[in-house]
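Comments concern the structure below.
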2 protein chains.
Amino acid sequence: MKAFHEYKNPSLAVDLVVFGYHNNTLSVLLLNRKDEPYKDQWTLPGGFLQMEETLRDTCERILYTKLGMNKVFLEQLYTFDEPERDPRGRVIAVGHYALINPSKFQIVAGTMANDVKWFNVKHLPALGFDHKHIFQVALQRLRSKILYYPVGFELLDELFTITELHELYECILETKLDRRNFRRKILDAAYIINTGTKREGLKNRHPELYRFNKQLKKNSFHINTPEDE
Amino acid sequence: MKAFHEYKNPSLAVDLVVFGYHNNTLSVLLLNRKDEPYKDQWTLPGGFLQMEETLRDTCERILYTKLGMNKVFLEQLYTFDEPERDPRGRVIAVGHYALINPSKFQIVAGTMANDVKWFNVKHLPALGFDHKHIFQVALQRLRSKILYYPVGFELLDELFTITELHELYECILETKLDRRNFRRKILDAAYIINTGTKREGLKNRHPELYRFNKQLKKNSFHINTPEDE
DNA sequence: TATATTAGCGTCACTTTAACGCTAAGTAAC
DNA sequence: GTTACTTAGCGTTAAAGTGACGCTAATATA
């Protein structure tokens with residue numbers, strides 16, 4: 001057996017799929033790379049783990065220094081280890097995804113990138129590395145998770161209407177959900193709490209404003225998509 | 001920015017939660033360590049990634065060389081990165097779980113371990129490292145997954161009776177499931193195929209033998225546990 | 001032949017679900 | 001004001017799914 005320190009180790013990085021929802025569109029944040037490899041191409045934000053950091057620390061550092069975001073929903077996704085995934089050498093990436101409300105942050109391209117931009121998940125450019133694959137795993141995870149666990153409110157303002165929540169679900173799942181059945185399920189599950197106030201200034205009837213119920217017990221609801229059948 | 005090779009890297013390992021089902025008991029395979037750290041204590045099998053390997057390769061190498069197993073169901077679980085999880089230094093472990101049919105393999109302790117043994121998941125000894133935690137994540141994953149995806153047959157012989165499958169579910173989920181309703185769900189979902197043969201040599205009525213239906217379309221069934229309600 | 005036990009099939013009340021109708025509340029046009 | 005239009009909120013119903021459980025068949029053994 002080799003001594004402990006004799007093992008060669010691959011580099012360890014995190015890659016981030018940052019989802020945002022705005023104007024009825026689900027978007028992902030992409031970085032245009034300033035340096036090789038994949039110079040001038042779009043990729044997911046990511047970075048190398050430093051020895052004293054946890055993976056979550058690394059993600060938070062990247063979110064903060066490259067994108068100016070903090071205190072966002074963040075979850076580990078999967079670890080990507082294809083030997084050829086990075087042309088610089090062996091790099092293993094622990095994929096994560098984050099859900100953020102774009103209206104809360106002013107995105108700035110750090111010094112590392114030419115540009116940082118939101119892209120509609122339906123119209124992504126070509127991505128460097130294996131980032132297309134990581135993105136697809138993340139989108140799939142988000143879609144499954146939202147069916148049985150309340151992650152949607154991470155993407156909305158603190159107060160929102162049922163219609164707004166409904167549109168978010170339809171957008172993420174890319175399917176139509178009956179408006180009235182959706183309302184019933186969400187309310188029966190006590191997923192959200194009526195604040196008693198209404199959203200003013202709209203053209204038609206003023207909808208009631210809700211907020212997320214943090215006391216929600218797990219497994220209390222399940223949304224079916226038409227494809228379930 | 002540092003040059004690529006200047007980053008220090010933690011060691012990368014895999015840890016394996018190997019589930020087996022035998023005599024109406026769900027078990028996990030544990031190794032008794034020959035060396036420090038955690039000498040003479042029980043731990044999950046695991047090992048370091050070698051530079052030319054994928055994570056799956058590493059898992060398969062360990063399964064084969066330490067345990068004599070090959071071609072088993074194997075799935076990545078989660079990546080565990082607590083900085084203090086290994087007293088030797090910074091080791092990040094990618095947890096995996098495997099499902100095997102113990103009757104297919106003769107387990108042998110490799111030269112690395114004092115002993116290798118199956119332990120009933122209900123009566124585990126103390127485990128070294130953070131392996132108790134990894135085990136719990138794996139068990140939870142197995143329990144959720146079996147509700148909507150057919151993994152059970154990995155633990156059974158190729159031909160099995162509905163009663164055997166039913167007992168497996170009750171054992172993994174640690175709950176009673178109505179025998180007749182279970183049968184109806186499994187059959188309605190076309191989860192299994194009747195082979196037309198029967199298991200002989202039993203004391204009472206001879207049950208029909210089934211095998212897994214590999215054509216099963218996803219999302220075609222869902223088992224409810226009493227706690228769902 | 002009777003008994004005990006597991007296997008397989010069926011029934012029913014209750015709950016959940018999908019589809020969709022109807023009215024209320026608001027704005028804008030006249 | 002009145003009418004038209006649109007979104008919001010509430011309700012209804014038929015069909016499907018679910019849980020609880022009864023009944024009979026098949027087999028070994030006493």
Side-chain angles (χ1 to χ4, degrees), chain A residues 23-24 146-148 156-157 159-171 173 175-211 217 219-229, chain B residues 23-24 146-148 156-157 159-171 173 175-211 217 219-229:
Chain A
N23 289 125
N24 241 305
I146 203 171
L147 296 177
Y148 64 88
L156 297 175
D157 292 337
L159 300 186
F160 52 84
T161 69
I162 292 187
T163 299
E164 287 161 7
L165 188 63
H166 177 230
E167 285 171 346
L168 171 66
Y169 270 73
E170 290 195 334
C171 178
L173 297 170
T175 185
K176 285 281 162 203
L177 299 170
D178 183 88
R179 177 175 67 81
R180 292 146 295 186
N181 293 336
F182 178 82
R183 160 185 295 270
R184 177 166 41 90
K185 276 213 175 178
I186 293 292
L187 289 175
D188 285 357
Y191 180 102
I192 55 178
I193 298 166
N194 193 325
T195 62
T197 58
K198 301 189 174 200
R199 187 174 298 295
E200 305 293 337
L202 298 179
K203 228 179 61 172
N204 301 305
R205 181 172 181 172
H206 296 173
E208 292 163 346
L209 284 167
Y210 290 80
R211 56 191 170 75
K217 57 183 189 306
N219 302 324
S220 60
F221 81 107
H222 179 81
I223 304 285
N224 294 320
T225 62
E227 299 89 301
D228 273 11
E229 313 311 311
Chain B
N23 287 126
N24 240 306
I146 204 173
L147 296 177
Y148 64 89
L156 298 175
D157 292 337
L159 300 186
F160 51 84
T161 68
I162 293 188
T163 299
E164 288 161 6
L165 188 63
H166 177 229
E167 285 170 347
L168 172 67
Y169 270 74
E170 289 195 334
C171 178
L173 298 170
T175 184
K176 285 281 161 202
L177 298 170
D178 182 90
R179 178 175 66 81
R180 291 146 294 186
N181 294 336
F182 179 82
R183 160 186 295 271
R184 184 185 40 187
K185 277 212 175 179
I186 293 294
L187 289 174
D188 284 358
Y191 180 102
I192 55 178
I193 298 166
N194 194 325
T195 62
T197 57
K198 300 189 176 202
R199 188 176 295 296
E200 306 292 337
L202 297 180
K203 228 179 59 172
N204 302 304
R205 181 173 181 172
H206 296 172
E208 291 163 346
L209 284 167
Y210 290 80
R211 57 190 169 74
K217 57 183 190 305
N219 300 326
S220 60
F221 81 107
H222 180 80
I223 304 285
N224 294 321
T225 61
E227 299 89 301
D228 273 12
E229 315 309 312

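Per chain, numbering begins at 1; letters A, B, ... match sequence-line order.
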Spacing between [X] atom [atom1] and [N] atom [atom2], to the nearest angstrom:
| X | N | atom1 | atom2 | value |
| --- | --- | --- | --- | --- |
| L165(B) | dA7(C) | CG | P | 13 Å |
| H166(A) | dA18(C) | NE2 | P | 12 Å |
| D188(B) | dG10(C) | CG | P | 12 Å |
| I186(A) | dT17(C) | CD1 | C1' | 15 Å |
| E200(A) | dA25(C) | CD | C1' | 12 Å |
| I162(B) | dT6(C) | CD1 | P | 17 Å |
| F182(A) | dG9(D) | CZ | P | 13 Å |
| K185(A) | dT15(C) | NZ | P | 17 Å |

_ring pair (Phe, Tyr, Trp, His ring centres under 6.0 Å) involving H206(B) - partner list, sequence neighbours excluded_ =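 Partners of H206(B) by the ring pair (Phe, Tyr, Trp, His ring centres under 6.0 Å) criterion come out as none, since no residue qualifies.
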- Task: List in chain and number order the residues that pass ring pair (Phe, Tyr, Trp, His ring centres under 6.0 Å) with Y191(A), two or more places apart in sequence or in another chain; answer none if no residue qualifies.
- Result: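 Listed in chain order: F221(A).
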Non-neighbouring partners of [X] that pass salt bridge (charged side-chain N to carboxylate O under 4.0 Å, His left out), sequence neighbours left out:
| X | result |
| --- | --- |
| E208(B) | none |
| E167(A) | none |
| D157(A) | none |
| R179(B) | none |

Any residue of residues 201-208 of chain A with a heavy atom less than 4.0 Å from an atom of DNA chain C
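Under 4.0 Å from DNA chain C: L202(A), K203(A), N204(A), R205(A), H206(A).
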Filtered N/O pairs between nucleotides 11-16 of chain D and protein, under 3.5 Å:
none

**Message:** Is there a side-chain contact between T163(A) and the phosphate of dA8(D), meaning an N or O under 4.0 Å from OP1 or OP2?
**Reply:**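 It does, given that an N or O in the side chain of T163(A) lies less than 4.0 Å from OP1 or OP2 of dA8(D).
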Does the side-chain contact (heavy atoms from CB on, under 4.5 Å) test come out yes or no for I223(A) and I146(A), once each step is laid out? CA-CA 8 Å; I223(A) 304 285; I146(A) 203 171; over 6 Å; no
| said: Working to the nearest 0.5 angstrom, can you tell me the gap between I192(B) CD1 and I186(B) CD1? | reply: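 CD1 of I186(B) is found 6.5 Å from CD1 of I192(B).
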* Asked: Taking only residues two or more places apart in sequence or in another chain, which ones pass side chain to side chain donor-acceptor pair (under 3.5 Å) with R205(B)?
  ->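 For R205(B), no residue satisfies side chain to side chain donor-acceptor pair (under 3.5 Å) once neighbours in sequence are set aside.
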